[in-house]
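The figures that follow rest on heavy atoms only: side chains count, while hydrogens, waters and symmetry mates do not. Here the structure is a predicted model, which is why all the values come from computation and not from measurement.
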Amino acid sequence: MSFAVTAAPVQGAPSGVGTTPATTDEVAQAQRIVDYINSAQRPGTAKGQVRAVNALTHDVATRPLGPVPDTDVTGPAQRGFWPAFAYGQVHPNAAPPGANDFSCKQKTGQNPVVLVHGTWENAYDNWAAFAPVLKRAGYCVFAPNYGRTDLLNGGGLGVALPGTNGVVAIEYSAAQLGRYIDRVRRATGASKVDIIGHSQGGLVARQWMKFGGGANDRHPERNKVGKLITFGATNKGTTLLGIGALGRGINNLGPAFNVLGVTEIFVGRSGIQQTVDSPFIRNLNRSKLVFPGVEYTIVGTRYDEVTTPYDLTFIRRPGVRNIVLQNGCEQDTSDHLAMSYSPRAISIALQALDPVRFGRLACGPSPWFFSF
């Protein structure tokens, strides 16, 4: 027999008699107690087995995020992911070169560019090659560190590393990103931004566009996004070389087989949400996949070992530009992490931003995994 406890206000007590208004801390404490009691229960598993989450309709972590923290140092440009990763662990709140100048004003015909990192990454290690190129091209560039939380809030054990971000429930990361983009728009005077997202970064942007007001189906002129460019985004989820698909299949057998719930302790909530056929992926891709007035460029690499199969990244809708990184440049063997250090990938992004100025794509070696 199972039961769930829910946090709710006391009913029937006369106003001012034996009751006092609950403070935010008191409500949060009550919610933590309720979640502890119901910690083994998941929504939609069986009658009566629902997790107590106040005012939330999806299974997300129980504590939202504050504003994106300001970066406190600017790191050097990098040619590969792993040196950038090492620097980012020592300087976890570093900005990539050329990014996060809130005094920057957009040039006529250009939108500010917001770079959205992936799971377990940060603004610096994801964009230490991209950002300086975009800055030299004349763009106002912004790169937030979003989605960092603690183990108790669904962050997973990866948060033991200081530079690990993008781990909380994607719904909360999307809300945090939306507030950051509004800040960028106010600072630059721009009505829209262009977004470049890597891996989960593409999902976070799409979640905000669809459910957070970033795009408007009926009134495209109100869109806050002009262009969305993604690299290795888990747009349709990932099998993670079969591991994620196996876990999802076992989970679907019933509440007694919640292997992904255990795995979440290690990888964080957002990692589990990105498995193929997850409730999050189904909800994001239900009905509206693309919005009028937004230009989409979706890039995948055949050597991706994280978003697998790699073509799950593509959004096959009219007007969406889906690109295989190796088409026309077989010597580029970038994997999931190396994509954001690939000269060809950077040139694809520049061309998507301004095809007149950047009509020619680069081509050169970019090694699988050994991105130094």
Verify side chain to side chain contact (heavy atoms under 4.5 Å, CB included) between Leu353 and Tyr139, making sure each step is shown before the conclusion.
CA-CA 10 Å; Leu353 291 171; Tyr139 291 95; 3.5 Å; yes
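- Using a 4.5 Å heavy-atom cutoff, the side chains of Asn283 and Phe211 are in contact.
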Could you walk me through whether Val299 and Thr230 pass the side chain to side chain contact (heavy atoms under 4.5 Å, CB included) check?
CA-CA 6 Å; Val299 184; Thr230 68; over 6 Å; no
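- Grouping the Ile, Leu, Val, Met, Phe, Trp and Tyr side chains by contacts below 4.5 angstrom, directly or via other members, places Phe81 apart from Phe130.
- Under 3.5 Å, the side chains of Thr71 and Asn93 contain no donor-acceptor pair of N or O atoms.
- Judged purely by atom type and a 3.5 angstrom limit, Arg344 uses its side chain to pair as donor or acceptor with the backbone of Ala362.
- Phe102 carries Arg183 over the face of its six-membered ring, with the cationic atom under 6.0 Å from the centre and within 45° of the normal.
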Verdict with supporting geometry, Tyr124 and Tyr87, ring pair (Phe, Tyr, Trp, His ring centres under 6.0 Å):
CA-CA 8 Å; Tyr124 181 79; Tyr87 185 94; 4.8 Å; yes
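- Residues Thr234 and Thr313 fail the side-chain proximity criterion, which asks for heavy atoms closer than 4.5 Å.
- In the model, Thr119 has a side-chain atom that pairs as donor or acceptor with a side-chain atom of Gln274 under 3.5 Å.
- Trp127 has its side chain within reach of Ile196: a pair of non-hydrogen atoms, C-beta onward, lies under 4.5 Å apart.
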One pair to check against salt bridge (charged side-chain N to carboxylate O under 4.0 Å, His left out): Arg185 and Asp182. What are the steps and the verdict?
CA-CA 5 Å; Arg185 292 168 60 237; Asp182 284 341; 2.9 Å; yes
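- Between Ala123 and Pro144, the shortest heavy-atom distance links the atoms CB-O, 3.8 Å.
- A 6.0 Å sphere centred on CZ of Arg79 holds no more than 12 heavy atoms belonging to other residues, nucleotides or ligands.
- Heavy-atom contacts from other residues, nucleotides or ligands closer than 6.0 Å to CZ of Arg316 number more than 12.
- The two residues Ser270 and Gln200 make their nearest non-hydrogen contact at OG-NE2, 3.3 Å.
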Between Arg206 and Asn285, does a side-chain hydrogen bond (donor to acceptor under 3.5 Å, both in side chains) hold up when you go through it step by step?
CA-CA 10 Å; Arg206 291 181 57 217; Asn285 291 326; 2.7 Å; yes
Kindly determine whether Glu295 and Leu228 satisfy side chain to side chain contact (heavy atoms under 4.5 Å, CB included), including the steps that lead there.
CA-CA 6 Å; Glu295 297 180 25; Leu228 176 64; over 6 Å; no
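- Ionic pairing of Glu330 and Arg302 is present here: one or more N-O contacts between side-chain nitrogen and carboxylate oxygen are shorter than 4.0 angstrom.
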Test side chain to side chain contact (heavy atoms under 4.5 Å, CB included) on Trp82 and Leu337 and set out the steps.
CA-CA 9 Å; Trp82 294 113; Leu337 295 175; 3.8 Å; yes
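- Neither side chain, Ser342 nor Ser366, offers a donor N or O lying under 3.5 Å from an acceptor on the other.
- In this structure, the side chain of Asn223 engages the main chain of Pro220 through a donor-acceptor pair within 3.5 Å.
- Under a hydrophobic clustering in which Ile, Leu, Val, Met, Phe, Trp and Tyr are joined whenever their side-chain heavy atoms come within less than 4.5 Å, directly or via other members, Leu350 and Leu115 fall into the same cluster.
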Checking Thr301 against Gln326 for the side-chain hydrogen bond (donor to acceptor under 3.5 Å, both in side chains) test, could you report, in this order, the C-alpha distance in whole Å, the side-chain angles of both residues, the deciding distance, and whether it holds?
CA-CA 7 Å; Thr301 172; Gln326 285 73 34; 2.9 Å; yes
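- Counting only N and O atoms by type, the side chains of Ser199 and Glu121 include no donor and acceptor under 3.5 Å apart.
- Ring planes of His198 and His336: tilted class, angle from 30 to 60°.
- Two residues are said to be in side-chain contact when any heavy atoms from C-beta on lie closer than 4.5 Å; Asp194 and Val114 fail this criterion.
- Under a hydrophobic clustering in which Ile, Leu, Val, Met, Phe, Trp and Tyr are joined whenever their side-chain heavy atoms come within less than 4.5 Å, directly or via other members, Val184 and Val113 fall into different clusters.
- In this structure, Arg282 contributes its side chain and Asp277 its backbone to a donor-acceptor pair below 3.5 Å.
- Cluster membership check: Val68 shares its hydrophobic cluster with Val204, using side-chain heavy-atom separations under 4.5 Å among Ile, Leu, Val, Met, Phe, Trp and Tyr.
- Residues Lys105 and Cys140 are not in side-chain contact: their nearest non-hydrogen atoms beyond the backbone lie 4.5 Å or more apart.
- For the residue pair Gln273 / Glu171, a side-chain donor-acceptor distance below 3.5 Å is found, with atom types taken as modelled.
- Using modelled atom types and a 3.5 Å distance limit, the side chains of Arg148 and Gln176 yield no donor-acceptor pair.
- For the residue pair Thr239 / Thr308, a side-chain donor-acceptor distance below 3.5 Å is found, with atom types taken as modelled.
- Looking at Leu203 and Ile281, their side chains come closer than 4.5 Å, going by heavy atoms from C-beta outward.
- Put simply, Val324 and Leu312 are part of two different groups of oily side chains (I, L, V, M, F, W, Y) that touch within less than 4.5 Å, one to the next.
- A donor-acceptor pair is defined here as one N or O able to donate and one able to accept, closer than 3.5 Å; no such pair exists between the side chain of Ser173 and the backbone of Tyr146.
- For the pair Gly328 and Cys363, the tightest heavy-atom approach, listed with the atom from each and the gap, is O-SG, 4.1 Å.
- For the pair Ile181/Trp208, a side-chain contact is recorded, criterion being any heavy-atom separation below 4.5 Å from C-beta on.
- In this structure, Arg357 contributes its side chain and Ala137 its backbone to a donor-acceptor pair below 3.5 Å.
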Ring pair (Phe, Tyr, Trp, His ring centres under 6.0 Å) between Tyr296 and Phe314, worked out:
CA-CA 10 Å; Tyr296 292 81; Phe314 296 137; over 10 Å; no
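- Taking every heavy atom of both residues into account, Ala233 and Gly202 meet most closely at CB-CA, 4.1 Å.
- Between Val167 and Val159 there is a side-chain heavy-atom pair separated by less than 4.5 Å.
- Between the side chains of His117 and Asn122, no donor N or O sits under 3.5 Å from an acceptor N or O.
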